[in-house]
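Position 1 is the first residue of the sequence; numbering continues from there. Computed from a predicted model, the values in this text were never measured in an experiment.
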Amino acid sequence: MSTNSIVEELKKNISAFEKTVEVEEVGLVMEVGDGIARLSGLSKCQANEMLEFPGGTFGVALNLEEESVGAVLLGEFKHIKEGDSVKRTGRILSVPVGEQLIGRVVNPLGQFIDGGAEVKAKQFYPIEKIAPGVMSRQPVSQPLLTGIKAIDAMIPVGRGQRELIIGDRQTGKTAIAIDAIINQKGQDVICVYVAIGQKESKVARIVAKLKEAGAMDYTIVVVAGASAPASLSYIAPYSGVSMAEYFMDQGKDVLVVYDDLSKQAWAYREISLLLRRPPGREAYPGDVFYLHSRLLERACRRSKEAGGGSITALPIIETQASDVTAYIPTNVISITDGQIFLETDLFFRGIRPALNVGISVSRVGGAAQTKPMKKVAGKLKLAMAQFREMEAFAQFSSDLDPETKKQIELGQRLVEILKQPQFKPLAVANQVAIIYAVQNGFANHIAPKEMVGYEAKFHEFMNKSKSALLEKITQGTWDETVEKELKEAIGEFNK
C-alpha cells in the first residue's frame with residue numbers, strides 16, 4: 001500500500017470522526033445497610049429515579065436532601081460497600097406492561113419468577129402516575145359480579161369502584177378476592193392479583209387454584225414475598241396498578257386485588273424510619289395516608305371521551321382484634337367507596353363468608369346491580385339486620401309471638417342460603433332465584449338446617465329445566481311475566 005493511499009485513508013477517517021461527549025453523573029455510597037443507601041454527589045437526581053449500583057442492583061431515590069440522597073435498594077445489597085460508585089439512569093422507576101404478562105407470575109419490577117419463558121417488553125409505564133381527573137371519569141353504573149351471594153345482593157361492587165375487604169387474620173379475606181377473580185371468567189375482565197408480604201407457599205397455592213379454575217388465562221400475579229426486601233413490598237401495589245392501567249388505556253375493564261395494604265404500610269414505615277423521616281402516629285411517617293390515597297385514586301371508571309375502560313380495586317386490610325378504628329384501617333375506609341367487614345365470631349360459627357352486615361356497606365349501592373337483583377335484594381339487608389337484633393333479643397325470652405318466630409325463622413333460612421363454599425362462585429340469575437324463593441316464603445316448609453340441601457337441588461332443577469328463564473334474568477329483564485314464571489318454577493320444584 002502506497003504512502004499516498006495511507007494518507008488518504010487517514011484523512012477520510014479523520015473527516016468521518018464525530019465528537020460525542022457522554023456525561024454521566026456518578027455519585028458515591030456514603031453508608032449502606034438494611035436495604036438503605038446514603039449517596040453523595042448526585043445533585044441533579046430526581047425523586048423516584050432509578051439508580052444503578054455495582055453488581056447490577058438498582059435503587060430508587062426517595063429522600064432528596066441538601067448534602068445527600070437517600071435511596072432504597074431493590075434486591076440484593078450485601079456486595080455494596082462504602083465508597084462504591086453509583087450512576088444515575090435518568091429513568092423514573094417503571095415496569096414492563098402489556099399482553100405478555102397475562103397468565104404469568106412476576107415480581108414488582110416486572111421480572112418473570114414462574115420459571116417460564118422470558119418475553120421482552122415493548123412498553124414501560126412509570127409506577128407513579130397522577131390519577132385521572134374528575135372530568136375524565138363517569139359514575140359507576142355497571143356491576144362487577146363476585147359470584148358471592150351475600151356481596152352481590154347486599155354490598156354490590158361496580159366496575160370502577162374501590163371496595164375494601166377488612167377483617168382479622170384468617171377470616172377469609174383472600175378467599176373473597178380469589179372467588180371474585182374466578183367469577184370474572186368469560187366477563188371480559190383482566191385481573192391483577194398483588195401479593196404483598198405473603199408467604200411464597202400461600203401464593204403458590206393461590207396460583208395453582210387459579211390455574212385449576214382456568215382463571216390464569218386473564219390474570220397477572222405480582223408477588224413481593226415475605227422474604228423480599230421491604231422496598232419491593234412498598235412498590236408492589238404501584239407496579240400492579242401500572243400493569244392494570246395499560247389495559248384500561250385499551251378501553252378494557254380490570255380488577256386489581258391488593259393483598260394486603262397493611263403489609264405495604266409496615267414496609268413503608270420501615271423504609272421511612274431507616275431514612276430518618278420523622279415518625280408520626282403509631283410510628284408511621286406523616287404521608288402514610290397519601291401512600292394509599294394516590295394508589296387507590298388510580299382506580300376509576302373513565303368516560304367514553306377519555307377512552308372508556310375501568311379499574312376496580314379490592315384492597316385488603318388486616319385488623320388486630322377487629323379494631324376498625326386503628327390508624328391504617330380508618331385511613332383506607334375514608335379513601336374507599338365502602339367496605340366488606342369480616343368477623344372472626346361469625347367465621348368460627350361456620351357462617352362463611354363471615355360478613356358483618358351491620359358494618360359492611362357499599363357507597364355505590366343499587367347503582368351497581370342488575371334490575372332483578374335490585375328488586376329482590378332490596379329488602380334483604382333490612383331483613384338480615386332485623387334478624388340480628390331479634391336473635392339477640394330472643395335469647396332472653398322463652399315465649400315468642402308467632403310474628404317474631406316467623407321473622408327469626410326467615411332470618412335463619414337467609415343465613416343458611418347466604419353461606420357459600422370457597423371457589424364456588426354462583427351465577428347472578430341463580431342468586432336472584434334462591435333469594436326470591438326464600439324471601440317470599442316459598443321455602444317456609446323447609447327447616448333452616450336443611451336449607452343447604454334444598455338450595456343445591458333447586459339450582460340443579462333451575463339449570464336443567466329453566467335455563468331460558470335464567471338467561472332472561474342474567475340479561476337484566478325483570479317484569480311481571482318474569483316474576484310469574486319464577487313463581488311457577490319454584491312451585492313446580494316444591495311439588
request  = Could you name each residue pair satisfying salt bridge (charged side-chain N to carboxylate O under 4.0 Å, His left out) that touches residues 98-116, not counting sequence neighbours?
outcome  =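 Every pair satisfying salt bridge (charged side-chain N to carboxylate O under 4.0 Å, His left out) with a residue in residues 98-116: Glu99-Lys252, Arg104-Asp114.
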
Non-hydrogen side-chain atoms of [X] and [Y] separated by less than 4.5 Å:
X      : Y      : answer
Glu455 : Lys149 : yes
Leu296 : Val332 : yes
Arg137 : Pro132 : yes
Glu318 : Gln320 : yes
Gln264 : Tyr238 : yes

Using a 3.5 Å distance criterion without hydrogens, assess whether the side chain of [X] forms a donor-acceptor pair with backbone atoms of [Y].
X      : Y      : result
Asn63  : Leu275 : yes
Ser362 : Pro156 : yes
Gln187 : Gln184 : no
Glu52  : Phe58  : no
Asp84  : Phe53  : no
Thr57  : Glu76  : yes

If you draw a 6.0 Å radius around [atom1] in [X], do more than 12 non-hydrogen atoms from other residues or ligands fall strictly inside?
X      : atom1 : result
Asp188 : CG    : no
Arg363 : CZ    : yes
Lys381 : NZ    : yes
Lys129 : NZ    : yes

inquiry  = Going by side-chain hydrogen bond (donor to acceptor under 3.5 Å, both in side chains), name the residues that satisfy it together with Gln420, two or more places apart in sequence or in a different chain.
reply    =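 Checked Gln420 against side-chain hydrogen bond (donor to acceptor under 3.5 Å, both in side chains); zero matches.
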
query = Is the shortest side-chain N to carboxylate O distance from Arg276 to Glu65 below 4.0 Å?
reply =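 Not counted as a salt bridge, because no side-chain N and carboxylate O are separated by less than 4.0 Å.
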
ask   = For Glu25, what residues pass the salt bridge (charged side-chain N to carboxylate O under 4.0 Å, His left out) criterion, not counting sequence neighbours?
value =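 So Glu25 forms a salt bridge (charged side-chain N to carboxylate O under 4.0 Å, His left out) with Arg88.
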
request  = Please list, chain by chain and in numerical order, all residues satisfying salt bridge (charged side-chain N to carboxylate O under 4.0 Å, His left out) with Lys419, sequence neighbours excluded.
outcome  =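 Partners of Lys419 by the salt bridge (charged side-chain N to carboxylate O under 4.0 Å, His left out) criterion, ordered by chain and then number, come out as Glu416.
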
task = Step by step, work out the side-chain contact (heavy atoms from CB on, under 4.5 Å) result for Asp249 and Tyr125.
result = CA-CA 11 Å; Asp249 291 344; Tyr125 269 27; 2.7 Å; yes

Rounded at 0.5 Å granularity, tell me how far [atom1] in [X] sits from [atom2] in [Y].
X      : Y      : atom1 : atom2 : answer
Met248 : Thr312 : CE    : OG1   : 10.0 Å
Gln431 : Thr474 : CD    : OG1   : 10.5 Å
Arg352 : Leu342 : CZ    : CG    : 12.0 Å
Asp259 : Lys173 : CG    : NZ    : 7.5 Å
Arg281 : Phe289 : CZ    : CZ    : 12.5 Å

Going by atom types only, do [X] and [Y] share a side-chain donor-acceptor pair under 3.5 Å?
X      : Y      : answer
Arg298 : Ser242 : yes
Asp152 : Thr146 : yes
Asn430 : Asn463 : yes
Thr174 : Gln198 : no

task = Check Arg301, Arg159, Gln369 against Ser141 for a side chain to side chain donor-acceptor pair (under 3.5 Å) and give me the one that passes.
result =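 Considering Arg301, Arg159, Gln369, a side chain to side chain donor-acceptor pair (under 3.5 Å) with Ser141 is found only for Arg301.
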
inquiry  = Working note: Arg269 + Glu282, criterion salt bridge (charged side-chain N to carboxylate O under 4.0 Å, His left out); need CA distance, chi angles, decisive distance, verdict.
reply    = CA-CA 10 Å; Arg269 171 168 63 184; Glu282 288 182 28; 5.1 Å; no

Going by atom type alone, with no hydrogens or angles, which donor-acceptor pairs under 3.5 Å involve a side-chain atom of residues 213-231 and a protein atom two or more places apart or on another chain?
from   : atom 1 : to     : atom 2 : distance (Å)
Tyr218 : OH     : Ile181 : O      : 2.8
Tyr218 : OH     : Ile182 : O      : 3.3
Tyr218 : OH     : Lys185 : N      : 3.2
Thr219 : OG1    : Ala215 : O      : 2.6
Ser227 : OG     : Glu200 : OE2    : 3.2
Ser231 : OG     : Leu73  : O      : 2.8

query = Does anything in residues 321-347 pair up under ring-ring contact (aromatic ring centres under 6.0 Å, His included), and if so which pairs, sequence neighbours excluded?
reply =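 Residue pairs passing ring-ring contact (aromatic ring centres under 6.0 Å, His included), neighbours aside: Tyr284-Tyr327.
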
